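A short worksheet on the structure shown next.
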Amino acid sequence: MSDAPAVTPTPTWGEVFPWFREVMAEDDAWYVGQVDSKTDIGTARLAEAAVTRLKSLPVGRLFPAVRRVERLDELDWPKHRLVNALHRGGCFTGDDLSYMVIAEMLSWESVGPIIVKQILEVVALEEIRVSTAK
């Protein structure tokens, strides 16, 4: 028996985000590949798909790992204004955000599709972190 740690295979985009293959065109099948060094591009595409095609869904349905976040301000936000937008929208915990419908986020004062997309990119990174830590 080997003492080497078991190697956990890197999940694919479709495994981490099963809903994603339903909203992407068949000719744009990059999501079958593993979550890897192109994570920034992938999370941007996920967030764009959520904002443009899945506005009627709550964030937690697309990104269930967000529920585990005790305080949203503990995530790695690239811009402080994203946290401010969440707080103004009444989202302080991951659970708060998980029930928030994307269309409602788009109606927040001084928040548009770009801000919501940036928020969802951070949430997608958390989903990846949780999925790859299993």
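Heavy atoms only: backbone and side chains are in, while hydrogens, waters and symmetry mates are out. This structure is a prediction, so every number in the text was calculated from the model and none was measured.
A donor-acceptor pair is defined here as one N or O able to donate and one able to accept, closer than 3.5 Å; no such pair exists between the side chain of E121 and the backbone of A44. A donor-acceptor pair under 3.5 Å links the side-chain atoms of W19 to the main chain of L62, judged by distance alone. Between the E104 side chain and the V101 main chain, no donor and acceptor come within less than 3.5 Å of each other.
The two residues C91 and L97 have their closest heavy-atom pair at SG-CA, 3.9 Å. When all heavy atoms are compared, the tightest approach of T52 to K55 is O-CE, 4.1 Å. Here the closest non-hydrogen pair linking V66 and G60 is CG1-CA, 4.2 Å. The minimum heavy-atom distance between E15 and T12, with the atom names listed, is OE1-N, 2.8 Å. The nearest pair of heavy atoms linking I102 to V51 is CG2-CA, 4.2 Å.
Residue pairs meeting the side-chain hydrogen bond (donor to acceptor under 3.5 Å, both in side chains) criterion with at least one member in residues 83-101, sequence neighbours excluded, are H80-N84, T93-D96.
Ionic pairing of R129 and E126 is present here: one or more N-O contacts between side-chain nitrogen and carboxylate oxygen are shorter than 4.0 angstrom.
For the side chain to side chain contact (heavy atoms under 4.5 Å, CB included) test, residues two or more places apart in sequence or in another chain that qualify with A124 are F17, T43, L46, F63.
Heavy-atom contacts from other residues, nucleotides or ligands closer than 6.0 Å to CZ of R67 number more than 12.
Atom-to-atom distance recorded for K79:NZ and Q118:CD is 4.0 Å, nearest 0.5 angstrom.
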